There are 2 protein chains.
Amino acid sequence: MSGVSDSCFINKLDHYLQLTEREKLDLLVLEESPQVYEAGTVLYAEDKDEADALYIVQSGRLHASTVLADGGRALLKLHFAGDIVGTSNIPFTTAISTVTVVREARLCRFPRSSLTTLFEVHPRLAALFYSVGMLENVSLTDRLRSIGRTDGLSRIGSLLLEITSRLRVTNKDFGNEVELHMTQADIGDAVGLTHVHVNRMLRELADQGLIERTGSTVTILDEDRLREVAHFTERYHRIETDWFPAAKE
Amino acid sequence: MSGVSDSCFINKLDHYLQLTEREKLDLLVLEESPQVYEAGTVLYAEDKDEADALYIVQSGRLHASTVLADGGRALLKLHFAGDIVGTSNIPFTTAISTVTVVREARLCRFPRSSLTTLFEVHPRLAALFYSVGMLENVSLTDRLRSIGRTDGLSRIGSLLLEITSRLRVTNKDFGNEVELHMTQADIGDAVGLTHVHVNRMLRELADQGLIERTGSTVTILDEDRLREVAHFTERYHRIETDWFPAAKE
DNA sequence: CGAACCTTTGAAGTGACTCAATGCGTGTGG
DNA sequence: CCACACGCATTGAGTCACTTCAAAGGTTCG
């Protein structure tokens, strides 16, 4: 039987909120044991698969994408350790985007039925789910602003900063060296540019001394200046928990 | 004292879910009586005002915007009757966008503390709030795709269809004539184009016989073809409620 | 009747795209 | 162990969607 340390939730939820023993134990029952998914695995496919569960990321990388009419692709979300994947399917029966494992990941499946119990028994955890979902909402509006209203250089800078920023949530001693696990075409699909232009903008960022590149690893050399270029606002430090219902002991 | 018909929730929540008497009564206590806000009113300002309440829209129009480094503006969300405004502030203490009343609106304030009670006492309604929030996330990813990966004509078409689609949620007998309540500059800020180009794309849509314009009212002449041009997917019909906890009678 | 705001149109400039070719690294089958 | 294929990064050149700048026409309102 799996111990508490095997839970997919402990990392991130515990970061935002000190979970009680009762909460931890109940979560262990509600979520399934972590399973390993290799890179390339499709968790569910847009407009095709039933979306009857969330997945909590213990480690690894995933992304949500959608196919365009012209055969192109858009990357809608990036998912890191601690993220809850699949929340936007909650109001639907069929998956509204395709979720792909980008880098070998350990995931806990969290069936819809567990969500029912969670909301019934643990209002405080339900509030936390709600907050985390709204955090995703904010991340989306930030990208909307970046993609809709800034040039290529800013968009790429913004993406780099968002990735580092989110990795730091679960990894405090994270430096300024990021392995992107994305091709330049992926980056383009995420920020709304072609891979050719992504290449030129990455070079430009490097030429300006803001970043350094080695393969698909990026080192941020001047984070302050990059933040200015990208008009980036940090948002993932903490969440407001004052209004949360009391925990079940 | 205000009757049930005065509640800001009945319209939309009742559309998705048959509320019980107990739920309706409790909601009436939790939400404040509707108040009228005239066009131009700023509910709260980005990075400035405390965000200690949600607002439920009974009637009228609002939008959420953010100011850019270069003085520009991005419209992040449009809010219609039945919407819950301010959810993205839930994880924060300070407002993360500016919410402005676009057209005289009747709003019910829903303080954060009411949210606490809602999650404690009415898990089913909490689930509904969660679902509605996730629906907003989906709307954002749809716009992300539209803005990041399609041309001006599609973006405008997509916006027009989203507006009509969302107005239909609370107004079944809504035709194909939409009063936008947006200037062409507003539209540009919403879809990531300049007002000049918005003008040309609107003309183009009209020239192609897809729409007809009178002032800021748009009549959709060929909705099927417009959907093709815009690559639009309808999403606001209904939400999945099977997993919701049982209602408190 | 003028001011303010919005829409519309023209003309020129540019950021990003498309097309195309080259190089590079890695894995694989002969 | 080499040859080749394949995916990815890089670079150049030409083109285009959208921008910027500028000005004129409409509408509303005090």
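In this text, all values refer to a predicted model and were calculated from it rather than measured experimentally. So you know, we letter chains A, B, ... as the sequences are listed, proteins then strands, and number each from 1.
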Practice prompt. For DNA chain D, determine which residues of residues 140-154 of chain B have any heavy atom closer than 4.0 angstrom to one of its atoms, and list them numerically.
Written response: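 Heavy-atom contacts with DNA chain D come from B/D151, B/G152.
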Discussion item. Expected output is a numbered-order residue list: members of residues 59-71 of chain B with a heavy atom under 4.0 Å from any atom of DNA chain D. What is it?
Written reply: none
Do [X] and [Y] meet the criterion of a side-chain donor-acceptor pair at a distance under 3.5 Å?
{"X": "A/T66", "Y": "A/E46", "answer": "yes"}
{"X": "A/S88", "Y": "A/K77", "answer": "yes"}
{"X": "B/H181", "Y": "B/R61", "answer": "no"}
{"X": "A/D151", "Y": "A/S154", "answer": "yes"}

Atom pairs under 3.5 Å, N or O on each side, protein against nucleotides 4-8 of chain C: can you list them with distances?
unit_1, atom_1, unit_2, atom_2, d
C/dT7, OP1, B/Q184, N, 3.4
C/dT7, OP2, B/Q184, N, 2.8
C/dT8, OP2, B/Q184, NE2, 2.5
C/dT8, OP2, B/N199, ND2, 2.7
C/dT8, OP2, B/R213, NH1, 3.0
C/dT8, O5', B/N199, ND2, 3.1

Item to complete: Please list, in 5' to 3' order, the outermost nucleotides of DNA chain D lying under 4.0 Å from any heavy atom of chain A.
Response: D/dC8 to D/dA13
Discussion item. Strictly distance-based, threshold 3.5 Å: is any side-chain N or O of A/R213 a donor or acceptor partner for the main-chain N or O of A/V218?
Written reply: no
Practice prompt. Please answer whether the main-chain N or O of B/V102 pairs with a side-chain N or O of B/T100 as donor and acceptor at a distance below 3.5 Å.
Written response: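 No; zero donor-acceptor contacts below 3.5 Å.
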Discussion item. How bent is the helix from C/dC1-D/dG30 to C/dG30-D/dC1, measuring the angle between the end axes built from five pairs each, rounded to 10°?
Written reply: 30°
Item to complete: Among residues two or more places apart or on two chains, list those pairs meeting salt bridge (Lys or Arg N to Asp or Glu O under 4.0 Å) that have a residue in residues 158-179 of chain A.
Response: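 Residue pairs passing salt bridge (Lys or Arg N to Asp or Glu O under 4.0 Å), neighbours aside: A/D83-A/R166, A/E162-A/R166, A/R168-A/E223.
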Worksheet item: Between atom NE2 in B/H197 and atom P in C/dA11, what is the gap in whole Å?
Response: 18 Å
Item to complete: Could you state the atom-to-atom distance from CE of A/M201 to C1' of C/dG15 in whole Å?
Response: 8 Å
Fill in: Steps toward side chain to side chain contact (heavy atoms under 4.5 Å, CB included) verdict (A/Q184, A/L202)
CA-CA 9 Å; A/Q184 292 179 4; A/L202 281 172; 3.9 Å; yes
Worksheet entry | A/A95 versus A/Y44, closest heavy-atom pair with distance | CB-CD1, 3.4 Å
Practice prompt. Grab the two heavy atoms, one from B/A105 and one from B/L62, that are nearest each other, plus how far apart they are.
Written response: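 Closest pair (atom of B/A105, atom of B/L62, distance): CB-CD1, 4.3 Å.
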Practice prompt. Check whether any side-chain N or O of A/T194 sits under 4.0 Å from OP1 or OP2 of C/dA16, and answer yes or no.
Written response: no
Fill in: Carboxylate-amine/guanidinium contact B/D70 A/R149, below 4.0 Å
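Not counted as a salt bridge, because no side-chain N and carboxylate O are separated by less than 4.0 Å.
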